[in-house]
Every structure is written in structure tokens, then in C-alpha cells.
Amino acid sequence: MTIILDDIARLDHELEHHFRQKFQVQSALTRALVSFQANKTRPVYRWYKYKEAFSAALVEYLFQKYGVMQGKILDPFAGSGTTLFAASALGLDSEGIELLPIGQQIIATKTLLEADFTPEDFETLRRWVTDRVWQANANHTPLPELRITKGAYPDSTKTAIEKYLAVSRCENPQVQTVLRFALLCILEAISYTRKDGQYLRWDYRSGRKQGAKPFDKGIILSFDQAIAEKINEMVEDLQPVTAQMSFFPTTTAQGGIHLYDGSCLHVMPTLGRGVYDAIMTSPPYCNRYDYTRTYALELALLGTDEKQLSHLRQEMLSCTVENRAKDLLAMNPGWTAAVAAADGTELLQAILEHLEDQKARGLLNNNGIPRMVRGYFYEMACIVAECSRVLKPGGALFMVNDNVRYAGASIAVDMILSAIAEKLDFGIHQILMLPNGKGNSSQQMGEHGREELRKCIYVWKKAGMPRAHRTVANRHLRYAPSAKPMGWSTA
């Protein structure tokens, strides 16, 4: 084990030397800016707490800093649509790809509110709040559930939800969509659960079996209070719309928004070559988070059944130990260069060797970790290849991602993906670092000690000329190690 870890440390040091001029500590990049936190007080973006999102302010900051002022933008992992709506408000056309129905629903509802909601529809929303329409309703529409969501709500809350669902069917399709969206926004707050990375945590009041330390999520809002406050918040944020103004205020004409439903591994190969001027995205991190579990309440309400849930889990980028290996070349024979790029990245291969060794020794807490890490980087290599193909020459790619750690080995996701990108017609312009890194899981710290991990935004530029005409080879073979410790530049 020590020999392999020493090899990983050496290869990591070589890549650090190779990218030493690219790393920049950016004091402007706060944790709030690169997460949902900065959206929590921002009208429209604050409605649904999509914890994996970055902020609209980050999109604005990067586009202004790097001169993305016109053209068409792509986000292959659109999530709740932050890139799409922030780019649109800047006058840029934007397209996104999103697999999870909850993300699709958020984007569709916001688009509907911008384009198709009438003053009469807004009045209907106000009436729902003032009259508490659902309370007097005697009908019930059964609440859809999955095995992992049964018992998620107090009985009175579940009854109120079912009455709300039943009476909402009396409204027109636009209002029905918005009412359902408002309900999606409050499910966690009115439930016994809290999203916690790899799974839903259950409050002790749910009656579910607890660990050594019972979990208390604190106040659980009543349905009536939560739904009235959410609809009020939406109406308040949308007041400019009723005055014939956009709810994404801007002095320029807004750009168009289009969303492709599905996995970017399936959708991106259908997109045209050299179509986009920039890409802004944040893929799932290689951190074992299973979004089909953390968003199970929302997926259940949207009608996802057990079979569909399992299918979504396997369609996701490999970021959870339950992901099975994907036959990438069977999916797309055109990805041979991407697979070769991952094959030829020595640091990645040393990490995979270490994880397989730990698995063989029975030292991993889950034997699916090596498969997940391998799948993550090989699938990301294919996505990077597709990003290169669909970008115009000179186009910029911005990617938010975190480094991770498994079995004592720090995995430099930023450098590994950048090394792969160099082989796929990208130049590495900068790797922007947050001033403060993040810690490790309690298990990693307990077994291997604490090691701060970088949180970065990669800034890559698509090569301005075909590969055949360039003289610098983009490959990571054996970079010369630095003669002295590397220092990061600051900006």
C-alpha cells in the first residue's frame, strides 16, 4: 500500500508542476458564490433549495471576467437551471441537459412563468393563499410514494397534501403546474427528512430506527404555513411580471432557453459540432452522493416509480457505488480518443490500482468504490470530448468541481480532468481555487488524518485550430517533477 501511495504522491507532484502556472487562488470565490447559498436571498432562484447548484452570481462573475458577452451557452448538467436563466438574463441563448425529473420540473415551471402565465393566473395564486382553498376540500388524491419515502410526513400533513393535490386539478394547466412546483419546494420542510449527501436522514419522530445518536431536524413546518409562505414568496418575486416586466430583470433582450431531457452521455452526441460559444457546468462530484435518494420525495411526487428510479440511478454519471459499469465504446465508438485519454493519465491509473489493491485486501468500506471512481473519470472523459466537439474554436468551458479522497489517497479531480482535457483539444487557461479548501469525511479523517482538499473552477479554452496543425502534444506521460515546493499564485 505504501509503495502505491508513494507512486500516487509522486505523480500528483508531477502534475502539480505541469499545471503550476495555471492555479490561481481567487479571493472573490467564496463558498456562498460557488454553492446555492448566494441564491437563498435572490428572487426566483430562492424558490427551490437545490443544494447542488452554484449561484447565479457566479455565472455573472465568470462571464464578465472572461468576456462571454454573446452567443449560445450550454450546461450539460443543468440541474435547477441556474446557468440557463442567468445566461438568458444577460441576453445569451442557452441550452441545457438534465436527467432528473426534479430539475426538469424546476426549469419548465420557471420558463412557463416567464412566458405563459397571465394576470388572471396570478390572481388565482393569490386566491389560493387568502382562501386556503385546499382546507375546505373533501376529496383526496393519493400521494405517490416510493419504498424509501413511506412514512415521510406526519399524518395530518399527508392528508393536507392529498386534499391540495385533489383541488389543484380544478385549475387550468398553467396554474396546476405552478401549484405542484410550490409543493415540491416545501416537501423537505414539512417532512421528517433532511437531505444529507448520500441519503435522506430521518428525524426520530418518524418512528424509523435511529442510530446511537437520534437525529432531530428541529421545527417541522405545518403544511398550511409552508405552502402559503411559498406561494406568497413566488407571487412577491413575480410582481414585476404583472407590471409587464421580466422576473429576471435585465436591460438587454433576454436570450432563449431550451432544455433536453435525459443523460448528457446520450444527448451530447446528437448535438452539432462547433455550436456553442461557452459551456458552464458543475457535474456531480465523485463523492458517492445518490441524488435518486436525496431527491426521493420530489421524484415520488412527480410520479417516478421503483423501476424508473433504478433506471435513473444507472443513467446518472457514475458518482455512487451502486452505479454499474457502462460500456462506453458500445454506446459511442467515437469515444475511443476519450477512453485513450483516460487510459494514458498515469495519476488516474495509479489511483485505480490503489483502490483495487485495497478492495482485494478487504480494506474498503464498500467494494463498489473502485468501479465508481473508474466509471466517473472515464465517463467524464467522454463528456469532456463531447464538450470539445460542440464548442466553437476558442470557446470557454467553466467547470465547478471538488477533489475527493478514498482509502487515504487524495484524488486530484481538477488535475486529472485537466490532463484528460489537454488530450482532447482543450488548453488549460486557469484553475481557480477557493481560498479555503474542504475537509474529508469523518471516516477518512479517522483512519488517515485530515487533509484539506481543493475546491476549484476550471477554465479551459477550446483549441483555435485543428489538432493536426498544433505542435505541442497534449498528453500526460512523465512530467518533470518540481525541484522545489510549488507555490500558488493569487489573484
Side-chain angles (χ1 to χ4, degrees), residues 59 62-63 66-79 81 83-84 87-88 90-99 107 255-283 315 317 326-345 377-401 417-429 458-475:
V59 180
L62 291 172
F63 283 11
Y66 293 97
V68 181
M69 309 301 292
Q70 60 185 1
K72 183 182 288 188
I73 311 302
L74 175 68
D75 186 346
F77 299 95
T83 295
L84 310 188
S88 173
L90 295 171
L92 304 166
D93 291 334
S94 57
E95 296 187 350
I97 304 168
E98 178 53 34
L99 173 65
I107 295 168
I257 292 174
H258 180 76
L259 182 70
Y260 297 94
D261 294 348
S263 162
C264 59
L265 285 169
H266 295 298
V267 174
M268 288 194 76
T270 70
L271 303 178
R273 181 182 297 274
V275 172
Y276 300 97
D277 296 88
I279 293 174
M280 171 86 199
T281 197
S282 180
E315 286 289 289
L317 182 72
K326 298 178 177 70
D327 190 340
L328 295 169
L329 293 181
M331 291 172 64
N332 188 342
W335 286 339
T336 52
V339 171
D343 283 342
T345 303
F377 283 104
Y378 276 81
E379 290 164 34
M380 280 300 300
C382 296
I383 291 164
V384 170
E386 288 298 323
C387 288
S388 176
R389 186 184 65 81
V390 303
L391 266 177
K392 294 178 181 177
L397 182 148
F398 307 97
M399 183 184 295
V400 181
N401 210 329
L417 290 181
S418 293
I420 289 170
E422 282 190 314
K423 303 170 193 177
L424 298 171
D425 287 337
F426 276 110
I428 310 308
H429 184 66
Y458 323 150
V459 184
W460 303 338
K461 294 289 185 72
K462 170 71 178 296
M465 61 184 71
R467 182 199 304 254
H469 297 291
R470 285 184 286 134
T471 58
V472 179
N474 283 331
R475 60 184 181 272

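Heads up: numbering here begins at 1 and tracks the sequence.
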- Task: Give me the ring orientation class for F398 and F63: parallel if the planes are under 30° apart, tilted from 30 to 60°, perpendicular past 60°.
- Result: tilted
- Item | For D93, all residues meeting side chain to side chain donor-acceptor pair (under 3.5 Å), sequence neighbours excluded | none
Atom pairs and distances, donor-acceptor, side-chain atoms in residues 262-272, under 3.5 Å, two or more places apart:
unit_1 : atom_1 : unit_2 : atom_2 : d
S263   : OG     : L265   : N      : 3.1
H266   : NE2    : E315   : OE1    : 3.1
T270   : OG1    : V267   : O      : 2.5

- Query: What distance separates L74 CG from H258 NE2, expressed to the nearest 0.5 Å?
  - Reply: 11.0 Å
- Here the pair of heavy atoms bringing A78 nearest to I107 is CB-CD1, 4.1 Å
- Task: To the nearest 0.5 Å, tell me how far L391 CG sits from L397 CG.
- Result: 6.0 Å
- Item | salt bridge (charged side-chain N to carboxylate O under 4.0 Å, His left out): pairs with one or both residues in residues 326-342, sequence neighbours excluded | K326-E379
Tabulate below the donor-acceptor pairs under 3.5 Å that side-chain atoms of residues 328-341 make, not counting sequence neighbours, or state none.
unit_1 : atom_1 : unit_2 : atom_2 : d
N332   : OD1    : G334   : N      : 2.8
W335   : NE1    : E386   : OE2    : 2.8

- If you measure from CD1 on I420 to OG1 on T345, what distance do you get to the nearest 0.5 Å? 4.5 Å
- Item | Non-hydrogen side-chain atoms of L92 and D277 separated by less than 4.5 Å | no
- Query: Would you say V68 and M280 make side-chain contact, with heavy atoms under 4.5 Å?
  - Reply: no
- Task: Kindly write out the residues that satisfy side chain to side chain donor-acceptor pair (under 3.5 Å) with S388, not counting sequence neighbours, or none if the list is empty.
- Result: none
- Task: Indicate yes or no: at least one non-hydrogen side-chain atom of C387 is less than 4.5 angstrom from one of W460.
- Result: no
- Query: Does the side chain of L99 reach to within under 4.5 Å of the side chain of F77, using non-hydrogen atoms?
  - Reply: no
- Message: Which residue is it: K392, K72, E95? I am looking for the one with a side chain to side chain donor-acceptor pair (under 3.5 Å) to Y276.
- Response: E95
- Message: Check whether S88 reaches the backbone of G255 with its side chain - one donor and one acceptor, N or O, closer than 3.5 Å.
- Response: yes
- Item | Shortest non-hydrogen separation from I428 to A421 and the atoms involved | CD1-CB, 4.1 Å
- Query: What is the distance from atom CD1 of I73 to atom CD1 of I257, rounded to the nearest 0.5 Å?
  - Reply: 12.0 Å
- List for me each residue that meets side chain to side chain donor-acceptor pair (under 3.5 Å) alongside T281, sequence neighbours excluded, and say none if there are none. D75
